> 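The structure under discussion is supplied below as structure tokens; questions concerning it will follow.
Every value quoted in this text rests on a predicted model; they were computed, and no experiment measured them. Computation of the quantities below employed the complete heavy-atom set of this structure, encompassing side-chain atoms and omitting hydrogens, waters and symmetry-equivalent molecules.
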Amino acid sequence: MAVKSTVKASPSGSSRSRQPRGFWNLAVTELWERFSFYGLQAVLTFYLVYSLADGGLAMERTTAVSIVGAYGAGVYLAQVLGAWASDHLVAPRRMVLIGAVIIALGHVSLAVLPGGAGLAAGLSLVAVGTGALKTNITAIIGMMLADRDREGSDAGFSLFYLAINVGAVMGPLLTGLLQSRAGFHYAFGLAAIGMGVALVQYSLNYRRLPEQSKVVKAPISRSRTGIALGAVVVMAVVAAVLWRTGLVDGANLNYVMGMVIVVVAMSYFSVVLRSRLVTGAERRRVGGYIPMWLAEVAYYALNLQIFTTVPLFVTDRVRLDVLGWQVPEAWFSSIGNVALVLFIPLMAGPWRRGAVGRLAPPAKFALGIGSVSVAYLLMLLTGFWAPGKTVSPLLVASCLILAGISEVFVGPIGFTVVTRIAPEAFATQLVALKILTLGAGSTLSGILGAYYTHLSPSQYFVVVGGLGLLCASVLALAARRVESLIQV
């Protein structure tokens, strides 16, 4: 006698106790894309500041952290354009494919082109390609999890975040090791291989993606398409002229990108809140999301110090010799992600319906900001060591572990919130705004990194940690009110 299943199936064809069909294909694709992205990011600051004899570009430190911050801002700013294009021009699944190809070309450029030419071409292509890929692959995951309750959606995005961070761990570990043994361009080549694997993985299951991912939600006329493309060309020409004339250079690029992000974010929120396509309830939720958006910017301004301030601190103060073996400097950028990969299953599993899992999203954000702030305050302990490269790598690793774990309370939770509250007409674009918090945070991390070059490490960690705790306290006090505004 056949037994009828009592497990309710989701529209995607999988049971609610498992992830939807195609989920893990996208998760693994994102794993390899993040392998290439963070593999590059981990060695980038060192590439900029190392001497020419050591294979670097010998840049001033303030210029280097400004470029790293601006590059991060450009990567995430491009995602707003990628989201707009998928809503109006090209379906999300095709945008992901286009982005993957462009990213791969960027890493190849860094691997084979020397000096400033390779840097400019490579970083520009990676930024543009990530803009096309990142928002849209996340939006497709949101489509797959749309029928789940909040806990189920949190769990799904936590597992997606787990895949992201597995890639974020593997990339720096392998490119950092290869860079320390063979050189920077070999490390860039390995990042290109990782992106190639992502492209193949995605292509194999391209036709099995959800039906919604094949649809351009709000297509525009050919005349408006021409205007949009013309605007992009004009912006590119203006940027090139500003760079060639010296009005924008490596030292101030980060500030320029920061101002652009502020204008874009304000404009987007204004458009969404004023749109006739947005209902009153949707407008309330988007308005309630604004303080969470600002809180996430503050969080990533602290978290992304691992790519600006931390490399400088490691170069100056950390003893890399461990039992006669030299630890690759780039490995410090992956320590937090190792801890996060081990911690995420707790949030997606045993803690999902526990006290921590039941916390409202604003309270989780406050917990994350507070945790990363405490991590930097603990870095004050490194001040007890004598000057020079005398600080224990284990002490720094312990602080970075706490900083890494903190992201579980912010990153995946932010994705859950934005995919649940986004108005139908602006679903992908609101995901892009969420991801833009990383760009704004990257800009601020570059600005903070410039101040690091003028302060003692102890002074710097007090300022950064103290400001973070202040932000966490304000959000914790406002958490109940914010939660009432974003309730679906």
Side-chain angles (χ1 to χ4, degrees), residues 30 33-34 37 41 68-88 92 95-96 99 123-124 126-139 141-142 157 161 164 232 235 239 253-273 275 285-304 307 361 365 368-369 407 410-423 426-447 471 486:
E30 183 70 347
E33 185 274 329
R34 293 290 91 181
F37 180 82
Q41 191 93 333
V68 173
Y71 163 63
V75 165
Y76 299 108
L77 186 61
Q79 293 181 45
V80 175
L81 294 176
W84 182 90
S86 70
D87 278 346
H88 299 292
M95 284 294 292
V96 173
L123 296 187
S124 297
V126 172
V128 171
T130 306
L133 182 146
K134 183 69 174 171
T135 301
N136 288 294
I137 201 170
T138 305
I141 288 289
F157 271 111
Y161 226 69
I164 288 173
V232 171
M235 287 189 291
L253 180 60
N254 195 34
Y255 293 92
V256 173
M257 294 298 293
M259 289 187 288
V260 173
I261 286 178
V262 169
V263 171
V264 169
M266 291 177 62
S267 299
Y268 252 97
F269 275 119
S270 177
V271 168
V272 174
L273 291 171
S275 174
R285 290 193 287 268
V286 172
Y289 173 65
I290 292 175
M292 294 191 67
W293 190 90
L294 294 172
E296 196 162 0
V297 170
Y299 172 78
Y300 283 115
L302 300 177
N303 180 274
L304 293 177
F307 298 122
F365 270 36
I369 296 171
E407 192 170 357
V410 179
I413 307 307
F415 279 125
T416 297
V417 169
V418 78
T419 55
R420 291 180 71 83
I421 70 158
F426 294 94
T428 307
Q429 293 172 69
L430 213 66
V431 171
L433 268 175
K434 185 268 184 240
I435 293 176
L436 193 58
T437 60
L438 282 155
S442 179
T443 298
L444 288 175
S445 74
I447 292 172
C471 291
I486 63 173

> If we ignore hydrogens and angles and just use 3.5 Å, is the side chain of Thr135 paired with the main-chain N or O of Gly131 as donor and acceptor?
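No, Thr135 side chain to Gly131 backbone: no donor-acceptor pair under 3.5 Å.
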
> Within the distance-only criterion (no hydrogens, no angle test), does the side chain of Thr419 pair as donor or acceptor with the backbone N or O of Phe415 below 3.5 angstrom?
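Side chain of Thr419 to backbone of Phe415, a donor-acceptor pair under 3.5 Å: yes, one is there.
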
> If you compare all heavy atoms of Ala440 against all heavy atoms of Ile261, which two are closest, and at what distance to 0.1 Å?
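Closest approach of Ala440 to Ile261: N-CD1, 3.6 Å.
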
> Would you find a donor on one side and an acceptor on the other, under 3.5 Å apart, between the side chain of Thr437 and the backbone of Leu433?
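Looks like no, no N/O pair under 3.5 Å.
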
> How far apart are the closest heavy atoms of Gly411 and Tyr300, and which atoms are they?
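The answer is CA-OH, 3.5 Å.
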
> Could you tell me whether a side-chain N or O of Ser442 sits under 3.5 Å from a main-chain N or O of Gly69, the two making a donor and an acceptor?
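Yes: the side chain of Ser442 pairs with the backbone of Gly69.
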
> Fit a plane to each ring of Tyr289 and Phe269, take the angle between them on a 0 to 90° scale, and name the class: parallel (under 30°), tilted (30 to 60°) or perpendicular (over 60°).
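Plane angle between 30° and 60°, so tilted.
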
> Answer yes or no: is there a donor N or O on one side and an acceptor on the other, between the side chain of Asn254 and the main chain of Ala70, under 3.5 Å?
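The answer is yes, because a donor-acceptor pair under 3.5 Å joins these two groups.
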
> Quick one: does any side-chain atom of Tyr299 pair with a main-chain N or O of Gly441 as donor and acceptor, under 3.5 Å?
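Pair absent, no side-chain N/O of Tyr299 close to backbone of Gly441.
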
> Could Lys134 and Tyr76 be counted as a cation-pi pair, given that NZ or CZ must be under 6.0 Å from the ring centre and within 45° of the axis?
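Cation-pi check for Lys134 and Tyr76: fails.
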
> To the nearest 0.5 Å, what is the distance between CD1 on Ile421 and NZ on Lys434?
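Answer rounded to 0.5 Å: 12.0 Å.
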
> If we check side chain to side chain contact (heavy atoms under 4.5 Å, CB included) with Gln79, which of these qualifies: Leu81, Val75, Leu77?
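Checked Leu81, Val75, Leu77 against Gln79; only one passes side chain to side chain contact (heavy atoms under 4.5 Å, CB included): Val75.
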
> For a quick test of reading the model, state the closest non-hydrogen atom pair linking Val96 to Leu133 and the distance between them.
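It is O-CD1, 3.7 Å.
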
> To the nearest 0.5 Å, tell me how far Ile435 CD1 sits from Glu296 CD.
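Atom-to-atom, Ile435:CD1 and Glu296:CD are 9.5 Å apart.
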
> Working to the nearest 0.5 Å, report the span between CE of Met259 and OG1 of Thr443.
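One gets 10.5 Å once the value is rounded to the nearest 0.5 Å.
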
> Could you tell me the separation between the CD1 atom of Ile290 and the CE atom of Met292, rounded to the nearest 0.5 Å?
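The CE atom of Met292 is 12.5 Å from CD1 of Ile290, to the nearest 0.5 Å.
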
> So, the side chain of Thr130 versus the backbone of Val126: is there a donor-acceptor pair under 3.5 Å, distance only?
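Checking the backbone N and O of Val126 against the side chain of Thr130, a donor-acceptor pair under 3.5 Å is found.
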
> For a 4.5 angstrom cut-off between non-hydrogen side-chain atoms, does Trp84 reach Phe426?
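Trp84 does not reach Phe426 side chain to side chain.
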
> Which heavy atom in Ala127 sits nearest to a heavy atom in Ala78, and how many Å separate them?
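Distance-wise, the nearest heavy atoms are O-CB, 3.4 Å.
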
> Would you mind reporting whether Pro423 and Val272 have side-chain heavy atoms less than 4.5 Å apart?
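When only atoms from C-beta onward are counted, Pro423 and Val272 do touch, with a gap below 4.5 Å.
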
> Work out which heavy atom in Ala295 is nearest to a heavy atom in Ile369; give both atom names and the distance.
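For Ala295 versus Ile369, the nearest heavy atoms are O-CD1, 3.5 Å.
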
> If you round to the nearest 0.5 Å, how far is CG of Leu302 from CD of Glu407?
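It comes to 12.0 Å.
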
> Heavy atoms only: give me the nearest Ser445-Ala301 pair and the separation to one decimal.
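For Ser445 versus Ala301, the nearest heavy atoms are CB-O, 3.6 Å.
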
> Measure the OG1-CD distance between Thr138 and Glu30 for me, rounded to the nearest 0.5 Å.
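Result: 6.0 Å between the selected atoms.
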
